Chemist: 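There's a structure below that I have some questions on.
Just so we're clear, the structure is a prediction, and the values are computed from it rather than from any experiment. Heavy atoms only: backbone and side chains are in, while hydrogens, waters and symmetry mates are out.
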Amino acid sequence: MLKGPGLPLLLLAVCLGAEGRNQEERLLGDLMHNYNPHLRPAERDSDVVNVSLKLTLTNLISLNEREEALTTNVWIEMQWCDYRLRWDPQDYEGLWVLRVPSTMVWRPDVVLENKSQTYSTNEINLQLSQEDGQTIEWIFIDPEAFTENGEWAIRHRPAKTLLDVAAPTEEAGHQKVVFYLLIQRKPLFYVINIIAPCVLISSVAILIYFLPAKAGGQKCTVAINVLLAQTVFLFLVAKKVPETSQAVPLISKYLTFLLVVTILIVVNAVVVLNVSLRSPHTHSMARGVRKVFLRLLPQLLRMHIRPLAPVAVQDTQHPLQNGSPTGWSLTAGEEVVLGLPRSELLFQQRQHNGLVRAALEKLEKGPEPGQSQEVCGSLKQAAPAIQACVEACNLIALARHQQNHFESGSEEWFLVGRVLDRVCFLAMLSLFVCGTAGIFLMAHYNQVPALPFPGDPRSYLPPPD
């Protein structure tokens, strides 16, 4: 409840407020009288309306790379002069500002898509806004209202007024005010979720060379599992990149490179397994192969390989130990059983007559007086048995010799496989390291340029405070 002089003051304030509203209503009525919002505010047909543009970015929401669509929140500030909306403030008690709905006044025919454009330079002249005598040739960012994006960083934000000389002045697109956004991806998300797992998985594929050369099945299994994992990552990336052939993202190049390396590792494992399982029965080793893979490369690679004894390539007959010119050749069946069962059978057939045993016992005891003729007779009778025994021993020696030859030849092929496996390991390791480093260096040097436009020394940024 008001007391004393307070009541006249309140009434005076109410009256002044009502009078102020009446001045705005009277001014609005006077301005909108015979005002046509569809007509261009030009006193003469030849006059050109100057429209100043200013773009304020408040949020960089997202970039859909597959659809190639950038989503942002922006404010567009347009300024022009309409001669029909002039008044003398003294006629309206010092009223300088009047706010009206935008639908009541004429607005420039400017469309914001990926750029700002108008339809006729004969009627409207687009230009950038000016503040303190300086043209704002950049996208304005309000530090209090702007929200930083977690995936993209803004590097440059210039603005330019462009004229298309080839297009007629009456057509759309002749005059444009273009606002550029040069953004760069923040790589931490992709490094942790895609690049690092791919590098680690590919390293597992390189480690299969530490398995034995004959473990080709295990090597191929590991390499194919790595190949499937890389294919899954490639599909995930392919769903996000645009379907275009104009440029290939570096992440796609790197995943494709890893796929190629893994496929080469599988091929190497198959070749090494094929070489390691060879034998003298299926393949004969050339002298050049033996010299390169068993002498030169092990020395260069510092591999510890036990020197092998020279093996005769062709040795079908073995001389008898008693000097007889006859020999004993092994058949295919005897080579399989290595001749041992036949020699044992030969001894069993000769032991029943006791000739060999009796002759050996007499020789061991020494000749007694008057028994020399008897010993000679026993030896004469045992000569065929002794000959058969010598032939059986030769058979055993030849079988052992050919067995050693077979084992030595198989071991040589196995050593060749080991050396070839080590060469493939060094080649794949070098290819993996060099390729990874090369693609990462391409990403390092694939940076946003220091200036937004090549050859233009201006930075299109506000001057520092």
Side-chain angles (χ1 to χ4, degrees), residues 50-80 97 99-103 105 107-118 124-162 175-195 240-242 247 249-251 443-465:
N50 295 322
V51 179
S52 300
L53 296 177
K54 178 182 177 182
L55 186 69
T56 302
L57 179 64
T58 59
N59 189 9
L60 177 60
I61 300 177
S62 63
L63 175 63
N64 190 336
E65 299 175 68
R66 190 175 184 85
E67 302 295 335
E68 299 183 358
L70 178 65
T71 305
T72 59
N73 283 337
V74 296
W75 288 94
I76 301 178
E77 181 181 335
M78 295 184 290
Q79 298 179 2
W80 67 93
V97 178
R99 292 179 174 85
V100 297
S102 60
T103 57
V105 298
R107 289 170 296 174
D109 191 7
V110 174
V111 179
L112 179 65
E113 295 178 349
N114 289 327
K115 51 188 176 293
S116 299
Q117 65 181 22
T118 187
I124 297 177
N125 180 31
L126 288 178
Q127 60 186 13
L128 296 172
S129 299
Q130 293 186 358
E131 291 183 0
D132 300 331
Q134 183 180 8
T135 303
I136 303 179
E137 296 181 321
W138 56 84
I139 298 176
F140 184 76
I141 295 180
D142 188 358
E144 297 181 357
F146 179 72
T147 303
E148 186 177 359
N149 187 272
E151 184 179 1
W152 300 94
I154 300 176
R155 297 306 182 190
H156 299 290
R157 43 190 173 94
K160 267 189 175 184
T161 302
L162 303 178
Q175 186 184 26
K176 305 174 185 178
V177 174
V178 183
F179 298 94
Y180 299 88
L181 269 179
L182 277 71
I183 59 178
Q184 183 179 11
R185 188 192 303 275
K186 298 177 181 178
L188 183 60
F189 174 82
Y190 285 90
V191 168
I192 295 178
N193 293 278
I194 294 182
I195 297 178
K240 300 193 66 176
V241 299
L250 286 178
I251 183 66
H444 176 73
Y445 288 105
N446 187 22
Q447 301 289 335
V448 177
L451 297 176
F453 303 108
D456 191 347
R458 292 181 297 175
S459 61
Y460 293 88
L461 290 174
D465 297 335

Chemist: Give, for atom OG1 of T72 and atom CD1 of I154, the distance between the pair rounded to the nearest 0.5 Å.
Modeler: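 One finds 9.0 Å between OG1 of T72 and CD1 of I154.
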Chemist: Cation-pi between K160 and F453: NZ/CZ under 6.0 Å from ring centre and within 45° of the ring axis?
Modeler: yes
Chemist: Whether the side chain of R157 engages the backbone of I139 through a donor-acceptor N/O pair (distance < 3.5 Å, no angle test) should be reported.
Modeler: yes
Chemist: Check W152 against L60 and note the closest heavy-atom contact, atom names and distance.
Modeler: CB-CD2, 4.0 Å
Chemist: Show your working on side chain to side chain contact (heavy atoms under 4.5 Å, CB included) between E131 and K54 and close with a plain yes or no.
Modeler: CA-CA 10 Å; E131 291 183 0; K54 178 182 177 182; 2.9 Å; yes
Chemist: How would you list, by chain and number, every residue that makes a ring-ring contact (aromatic ring centres under 6.0 Å, His included) with W75, sequence neighbours excluded?
Modeler: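 Testing W75 for ring-ring contact (aromatic ring centres under 6.0 Å, His included), a comparison that skips the adjacent residues, returns none.
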Chemist: Rounded to the nearest 0.5 Å, how far apart are OG of S52 and CE of M78?
Modeler: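 Atom-to-atom, S52:OG and M78:CE are 11.0 Å apart.
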Chemist: Can you tell which of N64, N59, L63, I61 makes a side chain to side chain contact (heavy atoms under 4.5 Å, CB included) with T71?
Modeler: I61
Chemist: To the nearest 0.5 Å, what is the distance between CH2 on W138 and CG on L128?
Modeler: 9.5 Å
Chemist: Taking it one step at a time, do E65 and R185 satisfy salt bridge (charged side-chain N to carboxylate O under 4.0 Å, His left out)?
Modeler: CA-CA 11 Å; E65 299 175 68; R185 188 192 303 275; 2.5 Å; yes
Chemist: Of the non-hydrogen atoms in E151 and N149, which two are nearest, and what is the gap between them?
Modeler: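 E151 and N149 have their closest heavy atoms at N-OD1, 2.7 Å.
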Chemist: Can you tell me how far apart CD1 (I183) and CG (L70) are? Round to the nearest 0.5 Å.
Modeler: 5.5 Å
Chemist: Are any side-chain N or O atoms of H156 and backbone N or O atoms of P449, one a donor and one an acceptor, separated by less than 3.5 Å?
Modeler: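 Flag set: sc H156 to bb P449 pair under 3.5 Å.
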Chemist: Would you check, one step at a time, whether the test side chain to side chain contact (heavy atoms under 4.5 Å, CB included) holds for E77 with S129?
Modeler: CA-CA 9 Å; E77 181 181 335; S129 299; 5.6 Å; no
Chemist: Between Q127 and N50, is a side chain to side chain contact (heavy atoms under 4.5 Å, CB included) present by the stated rule, with each step listed?
Modeler: CA-CA 7 Å; Q127 60 186 13; N50 295 322; 3.8 Å; yes
Chemist: What's the shortest heavy-atom distance between L451 and D456, and which atoms?
Modeler: CD1-O, 3.4 Å
Chemist: Please round to the nearest 0.5 Å and tell me the distance separating atom CD of E137 and atom OH of Y180.
Modeler: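 Between E137 CD and Y180 OH, I get 12.0 Å after rounding to 0.5 Å.
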Chemist: Return all side-chain donor-acceptor pairs below 3.5 angstrom for residues 140-148, not counting sequence neighbours, or 'none' if the list is empty.
Modeler:
unit_1 : atom_1 : unit_2 : atom_2 : d
D142   : OD1    : E144   : N      : 3.3
E148   : OE2    : K186   : NZ     : 3.1

Chemist: Can you tell me how far apart CD1 (I136) and CG (L53) are? Round to the nearest 0.5 Å.
Modeler: 11.0 Å
